[in-house]
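Structure first, then comments.
When reading the values below, keep in mind they use all heavy atoms of this one structure, side chains included, and skip hydrogens, waters and symmetry mates. Along the sequence shown, residues are numbered consecutively beginning with 1. None of these values were measured; they are calculated from a predicted model.
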Amino acid sequence: MNEIKLLETYGPDGPSLSDEARQAARSRLLAEITAVTAYADRPALPVTRRVASGLLRLPPLVRMALAGAAVTAMAVLAVTVLPQPPEATQGPPVAGGEEPPPVLPSTGSIKLVAATALEFPYALPLLGEPSFTSGPADVIAVYKSADPVNDVLLWPEANPDESYFPTRDISVDGRPGHISFYHDDTSDMASLTWERRPGEWVTIVGNGRYGSEEAVLQLARQVVDQPQRVPFQIAIGLVPDGWELRGFKMDGAIVSYRDPAPPHLSLAVQWKPTPDWHPDSDVDGFEAGQDVTVDGRHARLVRTRETWMLTTTLPDGSGFTLQVPRSFTPDQVIAVAESVRRGDS
């Protein structure tokens, strides 16, 4: 099982989560504590150096909340790597002293098109500028307070009828909605979902001092239409035609796209301050590897049983690793890599 299959199946044991992701998870799945307990009793996978560096066992509630979510699927690139100079990135020894077999072109047909910048449609101006995180099915705006217990979360609601714990019907200036509450020893939380306009539902979650019915209703009335670009640390300029953003993580240091048609295929890129020049033998399912160039810079292209992996540098000296399905040709892998850039550059 390679990294993609392993972490798509057992993604809740991926890299440690941001505080906002934990809050989003809590706000949406607190009522599934019983199911969470059952999930936590499953045997844990052994963590090996081929799968992930720094994998942490998460609290059961958080692991359950993010199971199957886009934010965990992007951990496919969190492979353990050993910093090495480019000349030390050769593949594993082959019997008889032969070189590894050459990288062969794929026979798949992929049309690459320009990726569309992600925009978030709403804002709460009185709370300042938000940060963004990828939730189970949404992009979530997080309005951080000096004390995280008072953070506010806002997102377009794709499943307004879905509820994980008891709700009560409520009216927001004559428009239908429902509200729910959660209280524990450390904070209060109120979650309000309402139809802001016909067919357009929004969810707002208030924590701490915003965790009351009065507070979230007041916040709901402050929501305005204000499309804003969601910033990433790393961005992909070319993606397959028809593919959609799957999610992002670590302030956009990991970004993933997927083919919405089953069977689901995905590509992901992970940025790091320094490139991960790791031995080919550390890549699960390694078949062949070769040195290539990306915008004139050294890169290592590796073919595995199910994916291509390409590691290279950016003009500022930082690095990234790109992982795509085998249906791409090597030229297309390089084309996508050449479209990768830092943030809004």
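The side-chain heavy atoms of Leu314 and Arg342, taken from C-beta on, include a pair separated by under 4.5 Å. Annotation: side chain of Ser171 is not in contact with side chain of Trp194 (no heavy-atom distance under 4.5 Å). Within the 4.5 Å cutoff, the side chain of Thr116 has no heavy atoms near those of the Leu245 side chain. Proximity of Tyr122 to Val202: side-chain heavy atoms (C-beta onward) are separated by under 4.5 Å at one or more points. Taking the side chain as every heavy atom from C-beta outward, Val336 and Val239 never approach each other to under 4.5 Å. In this structure the side chain of Ile254 never reaches within 4.5 angstrom of the side chain of Phe248, judged on heavy atoms. Put simply, the side chain of Leu267 reaches to within 4.5 Å of the side chain of Pro240, judged on heavy atoms. Counting only heavy atoms from C-beta outward, the side chains of Leu153 and Asn207 approach each other to under 4.5 Å.
In this structure a side-chain-to-backbone donor-acceptor pair under 3.5 Å is present from His264 to Asp259. Looking at Ser339, its side chain does come within 3.5 Å of a backbone N or O of Gly237 through a donor-acceptor pair. Between the Ser180 side chain and the Thr167 main chain, no donor and acceptor come within less than 3.5 Å of each other. Formation of a donor-acceptor pair under 3.5 Å by the Arg229 side chain with backbone atoms of Glu119 is not found in this model. The backbone N or O of Thr304 sits less than 3.5 Å from a side-chain atom of Arg326, completing a donor-acceptor pair. Under the 3.5 Å distance criterion, the side-chain polar atoms of Glu162 are left unmatched by any main-chain donor or acceptor of Asn159.
A distance of 13.0 Å separates CZ in Arg196 from CZ in Arg221, rounded to the nearest 0.5 Å. Separating the CD1 atom in Ile140 from the CG atom in Leu154 is a distance of 9.5 Å, to the nearest 0.5 Å. The distance from atom CD of Gln290 to atom CG of Leu310, rounded to the nearest 0.5 Å, is 10.0 Å. Remark: Leu124 CG to Gln222 CD distance equals 6.5 Å, nearest 0.5 Å. From His178, atom NE2 reaches atom OG of Ser191 across 8.0 Å, with rounding to the nearest 0.5 Å. Atoms CD and CD, from Glu200 and Glu157 in turn, are 12.0 Å apart once rounded to the nearest 0.5 Å.
Minimum heavy-atom separation, Leu265 to Pro325: CB-CG, 3.9 Å. Nearest heavy atom pair, residue Ser327 against residue Ile110, reads O-CG1, 3.8 Å. The two residues Pro176 and Trp201 come nearest to each other via the heavy atoms O-CZ3, 3.8 Å. Between Ser145 and Asn150, the shortest heavy-atom contact is OG-O, 3.0 Å. His298 and Thr312 get closest at one heavy-atom pair: O-OG1, 2.7 Å. The two atoms that bring Trp155 and Phe120 nearest to each other are CA-CZ, 3.9 Å, heavy atoms only.
Taking a cutoff of 4.0 Å between a charged side-chain nitrogen and a carboxylate oxygen, Asp188 and Arg209 do not qualify as a salt bridge. Electrostatic pairing of Arg197 and Asp225 counts as a salt bridge here, judged by a charged N lying under 4.0 Å from a carboxylate O.
Arg258 meets the salt bridge (Lys or Arg N to Asp or Glu O under 4.0 Å) test with Glu244; sequence neighbours excluded. Residues satisfying the side chain to side chain donor-acceptor pair (under 3.5 Å) criterion with Tyr143, sequence neighbours excluded, are absent altogether. Judged as a side chain to side chain donor-acceptor pair (under 3.5 Å), and not counting sequence neighbours, Asp161 has no contacts.
By the neighbour-count criterion of 12 heavy atoms within 6.0 Å, atom CD of Gln218 is sparsely surrounded, having that number or fewer from other residues, nucleotides or ligands. The number of heavy-atom neighbours closer than 6.0 Å to CD of Glu129, taken from other residues, nucleotides and ligands shown, is 12 or below.
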Might you work through the side chain to side chain contact (heavy atoms under 4.5 Å, CB included) test for Val152 and Ile204, ending with a clear yes or no? CA-CA 7 Å; Val152 172; Ile204 191 165; 4.0 Å; yes
Determine, stepwise, if the pair Leu118 / Val139 fulfils side chain to side chain contact (heavy atoms under 4.5 Å, CB included). CA-CA 9 Å; Leu118 177 62; Val139 175; 3.8 Å; yes
Give the C-alpha distance, both sets of side-chain angles, the deciding distance and a yes or no for side chain to side chain donor-acceptor pair (under 3.5 Å) between Arg246 and Ser266. CA-CA 8 Å; Arg246 185 177 193 177; Ser266 65; 3.0 Å; yes
Applying side chain to side chain contact (heavy atoms under 4.5 Å, CB included) to Trp308 and Val302, what does each step give before you reach the verdict? CA-CA 6 Å; Trp308 297 98; Val302 170; over 6 Å; no
Could you go through Arg168 and Glu213, starting from their C-alpha distance and side-chain angles, then the distance that decides it, and tell me whether this counts as salt bridge (Lys or Arg N to Asp or Glu O under 4.0 Å)? CA-CA 11 Å; Arg168 171 169 57 83; Glu213 179 173 335; 2.4 Å; yes
Stepwise side chain to side chain contact (heavy atoms under 4.5 Å, CB included) check, Asp284 with Phe286: CA-CA 6 Å; Asp284 189 49; Phe286 171 79; over 6 Å; no
Might you work through the salt bridge (Lys or Arg N to Asp or Glu O under 4.0 Å) test for Asp280 and Arg303, ending with a clear yes or no? CA-CA 10 Å; Asp280 293 344; Arg303 188 187 74 211; over 6 Å; no
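Looking only at atom types and distance, the side chain of Asp184 has a donor-acceptor partner in the side chain of Thr186 under 3.5 Å away. A side-chain N or O of Thr203 and one of Thr193 form a donor-acceptor pair less than 3.5 Å apart. Side-chain polar atoms of Ser318 and Asp316 form a donor-acceptor pair below 3.5 angstrom. Between the side chains of Trp277 and Thr311, no donor-acceptor pair of N or O atoms lies under 3.5 Å.
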